Chemist: 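One structure coming up, written as structure tokens, with questions to follow.
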Number of protein chains: 2
Amino acid sequence: MVKINEVAQAAGVSISTVSYALSGKRPISPDTRRRIEKAVHELGYSPNAGARMLAGSRTQIFALTEPLRKDTHAPTHMAFVLATAVAARRNDYDILLLTDEDATAGMSRVASNGLVDAILVLDVAPDDERVKLARAISTPTIFIGIPNDNAGLVCVDLDFAAAAELAVDRLADAGHRAIGLVGQPEVSYEMSNFPPRVLAAFEKRAGERDIRSGFGATGSKHTSRTATRRTVARLLDEGATALVLHCTEEAHVVVLGELAERGLRVPEDVSLVSVGASFDTAALRTPVDMIPLVPQTSCDLAVDLALQSLGEDRPEPGLRLIDPVYAAHGSLAAPPGGSAD
Amino acid sequence: MVKINEVAQAAGVSISTVSYALSGKRPISPDTRRRIEKAVHELGYSPNAGARMLAGSRTQIFALTEPLRKDTHAPTHMAFVLATAVAARRNDYDILLLTDEDATAGMSRVASNGLVDAILVLDVAPDDERVKLARAISTPTIFIGIPNDNAGLVCVDLDFAAAAELAVDRLADAGHRAIGLVGQPEVSYEMSNFPPRVLAAFEKRAGERDIRSGFGATGSKHTSRTATRRTVARLLDEGATALVLHCTEEAHVVVLGELAERGLRVPEDVSLVSVGASFDTAALRTPVDMIPLVPQTSCDLAVDLALQSLGEDRPEPGLRLIDPVYAAHGSLAAPPGGSAD
DNA sequence: TTGAAAGCGGTACCAT
DNA sequence: ATGGTACCGCTTTCAA
């Protein structure tokens, strides 16, 4: 393990010069700089992490808390973890994983031992217990997701409400008068923060546009497709000519299968719009229009905010809602028989 | 951020006494110990991570490298990450996530800046590039999975070969003379380390027991069930009276569906044994016998080995193969018509 | 533009 | 059983 003094000696300069050359915090003559870089390279020097944390006051580590509930959707979750890690690395930060049984335990630990510069919160529940802890500690904390009680917090997320409204608007504009929402498994409306936002905005906007709206949950395991099929059947029976999908990829597949079995074509007989999916609905056997949830967008922003929290102008508390984007894939058309009711 | 000297003062003892009381590295009188613990508790003291890393030579952090290829099965992968994190925490260790595009970059970085005490390697490929790096660095490295070239490495994994043999043996013992293997998507036989081990051992043991064996891959996405159905159809056509399943939960479901459609009962008409699954095959609509892959077992052992690597008697290089365990769920019986061919 | 040296907050050796 | 203190390797004043 080569140390800074060895580099200094090899380059024929003082320790502090090496340090400054590496941090760029003060001007170094081109010549000196070259000799130092040469020494660093030849000796394979890499500053000791512990010493850096102690002397400087940056650890170059962010904590990521993820309380992995049994209902978390693994692929989506992983996409967020990955996106966070990538964004962090791009800024020379590493990610420390906090998956404690007790979500708050790890958080308060790293907050009080100074292991991390900031904390990123994933898998936010409506009444998340990490909220009050975040208010109590001094380590900057960024929520990816929006808890009910979010006063004073920095939160980042897709604007799910706007996304739901956008979906309703597009369908209403196309002439649909009755729209069904195929939602998450029931339990998610208590455990997670965004499903309720979609549902509420969907119903509100439908009301505003004088549209009849229906709602139904999906099954929580792909082994029970029944719940999903029943929901689709009911919504169609109630007269829906379009469905908004806010569910897993598996559930999308089941919906498409159910429509196919009933001999219904997309978009001639039924229009579809997927909201908040983080997989590619254009790759399904029937491509579906989508207003995607892009983990990278949220995570990049979250990391930016975390970095900003370390500087002078700490970000204002408040929600950062990401504008929804509509991607057409041909699953939206006018309802059969024109815009009749 | 309360420091050790404040604790010492509050408890009316010296700094070193506090340190020793906390580490338990030398006897402390019951009375003193109580006062120190009281002070620690009241002040909410938690030793500074950076200072510890620098002074002691333990960072209390393990790195976990996971090069997230596009074909990695998210739920299984997450189960391993979670199991590792839990095992680590139980031993007062945190997990630092290394998900660099370049898998080796992060590894060599943490190896040379002393950020972690050991490295755990996940998602091992047959010709994994992290192998030669592991040999080059001084940070102890534990592989969870077995690369082809594993000389000198410490590797932990389920004994997939023994598991495959056990499956064949049970079926052969029950009288089956023709067995099919429903395997992974084709690409996995190049990208991952364990599918080839199952396949090879399956065929070898079948040969030894004079059993006709067949093999077929599954589809790589649940959207393409066709490949899986075709494989099942072919294996049955070839006369298989039993199937060994080494595939995803989705594929299991498809297999069961295909059997049901053909009017085949389990186990009366076809026997099934699942090998290396990390989900519960007993919870499927038809419970299936399994020889499970238990992430916790592998990860606990890996963490143990990592800890051991930090002490005096570093573990011998070599493979640690975990014995397979057979869990019966009623999907195995004699072939129809007795043990006729 | 460069150097010397004072910490950062613990750990563990050497005393008592 | 307890205390004093020399480091651990780097960052960052303060001086030149």
Side-chain angles (χ1 to χ4, degrees), chain A residues 1-37 39-40 43-61 92 109-117 138 310, chain B residues 1-37 39-40 43-61 92 109-117 310-311:
Chain A
M1 210 108 297
V2 35
K3 309 182 302 183
I4 197 172
N5 58 348
E6 311 182 38
V7 176
Q9 190 153 30
V13 296
S14 74
I15 287 182
S16 53
T17 301
V18 174
S19 177
Y20 282 118
L22 263 41
S23 69
K25 290 188 180 174
R26 89 178 177 190
I28 301 289
S29 80
D31 178 55
T32 320
R33 149 153 284 129
R34 224 175 317 99
R35 274 158 40 226
I36 293 179
E37 280 168 356
V40 165
L43 279 58
Y45 170 71
S46 183
N48 178 280
R52 259 183 127 153
M53 295 170 67
L54 186 55
S57 4
R58 290 291 164 56
T59 69
Q60 302 295 93
I61 301 178
D92 281 307
R109 184 166 46 80
V110 298
S112 59
N113 72 167
L115 217 196
V116 307
D117 291 340
S138 59
L310 309 179
Chain B
M1 210 110 296
V2 34
K3 310 182 299 184
I4 196 172
N5 60 347
E6 311 183 41
V7 176
Q9 189 152 32
V13 296
S14 74
I15 287 183
S16 52
T17 301
V18 174
S19 178
Y20 283 118
L22 263 42
S23 69
K25 289 188 181 175
R26 86 179 179 190
I28 301 288
S29 79
D31 178 55
T32 320
R33 149 153 285 128
R34 223 176 316 100
R35 274 158 41 227
I36 293 179
E37 280 167 356
V40 165
L43 278 59
Y45 169 71
S46 184
N48 178 281
R52 260 183 126 154
M53 295 170 69
L54 186 56
S57 1
R58 290 294 163 63
T59 69
Q60 302 296 91
I61 301 177
D92 281 307
R109 184 166 45 82
V110 298
S112 59
N113 73 166
L115 218 197
V116 307
D117 291 340
L310 309 179

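For clarity, every value in this text was computed on a predicted model and none was experimentally measured.
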Chemist: How many Å lie between CD on A/E6 and P on D/dG9, as a whole number?
Modeler: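 That distance rounds to 9 Å.
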Chemist: Give the minimum heavy-atom separation between A/K3 and A/Y45, together with the two atoms involved.
Modeler: C-CE1, 3.6 Å
Chemist: Could you state the CD1-C1' distance from B/I4 to C/dC8, rounded to the nearest angstrom?
Modeler: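 The distance from CD1 of B/I4 to C1' of C/dC8 comes to 14 Å, rounded to the nearest Å.
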Chemist: Do the side chain of A/S14 and the base of C/dA4 come within less than 3.5 angstrom through a donor-acceptor pair of N or O atoms?
Modeler: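 Checked by distance alone, the answer is no.
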Chemist: If you round to the nearest 0.5 Å, how far is CG of B/D117 from OG1 of B/T59?
Modeler: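 Rounded to the nearest 0.5 Å, the OG1-CG separation comes to 3.5 Å.
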Chemist: Whole angstrom is fine here: how far is it from CE in B/M1 over to C1' in C/dG9?
Modeler: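 For the pair B/M1 CE and C/dG9 C1', the rounded distance is 12 Å.
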Chemist: Please report, rounded to the nearest Å, how far the C1' atom of D/dA1 is from the CD1 atom of B/I28.
Modeler: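 That distance rounds to 7 Å.
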Chemist: Can you check whether A/K3 has a side-chain N or O nearer than 4.0 Å to OP1 or OP2 of D/dC10?
Modeler: no
Chemist: Could you say whether A/T17 or B/T17 is positioned toward the 5' end of DNA chain C, judged by the nucleotide with the nearest heavy atom to each?
Modeler: A/T17
Chemist: Within the side chain of B/R33, is there an N or O that forms a donor-acceptor pair under 3.5 Å with the backbone of B/A21?
Modeler: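 Here the side-chain-to-backbone pair exists.
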Chemist: Given atom CD of B/Q9 and atom P of C/dG9, what is their separation to the nearest angstrom?
Modeler: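 Distance check: B/Q9 CD to C/dG9 P gives 15 Å.
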Chemist: Please state how far atom CG in A/N5 lies from atom C1' in D/dT11, giving the value in whole angstrom units.
Modeler: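 That distance rounds to 15 Å.
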Chemist: Are OP1 or OP2 of C/dT11 and a side-chain N or O of B/S19 less than 4.0 angstrom apart?
Modeler: yes
Chemist: Got a donor-acceptor contact below 3.5 angstrom from the B/N113 side chain to the A/S46 backbone?
Modeler: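 Absent.
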Chemist: Give the rounded distance in Å between these two atoms: CG of B/N113 and P of D/dC8.
Modeler: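 The distance from CG of B/N113 to P of D/dC8 comes to 19 Å, rounded to the nearest Å.
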Chemist: Can you tell me which nucleotide in C/dT2, D/dG3, D/dT12 comes closest to the side chain of A/S29?
Modeler: C/dT2
Chemist: Expressed in angstrom and rounded to an integer, what is the separation of B/L43 atom CG from C/dG9 atom C1'?
Modeler: 15 Å
Chemist: Has the side chain of A/R26 got a donor or acceptor atom sitting under 3.5 Å from an opposite partner on the base of C/dT1?
Modeler: no
Chemist: Check the phosphate of C/dT11 against B/K25, side-chain N and O only, distance under 4.0 Å to OP1 or OP2. Yes or no?
Modeler: no
Chemist: Of the nucleotides C/dC13, C/dA5, D/dG3, which has the atom closest to the A/S16 side chain?
Modeler: C/dA5
Chemist: Please round to the nearest 0.5 Å and tell me the distance separating atom OG of A/S112 and atom CG of B/L43.
Modeler: 12.0 Å
Chemist: So if I take residues 45-58 of chain B and measure heavy-atom distances to DNA chain C, which residues fall below 4.0 Å?
Modeler: B/Y45, B/P47, B/N48, B/A51, B/R52, B/A55, B/G56
Chemist: Mind checking the CZ-CD1 spacing from B/R35 to B/I28? Nearest 0.5 Å is all I need.
Modeler: 10.5 Å
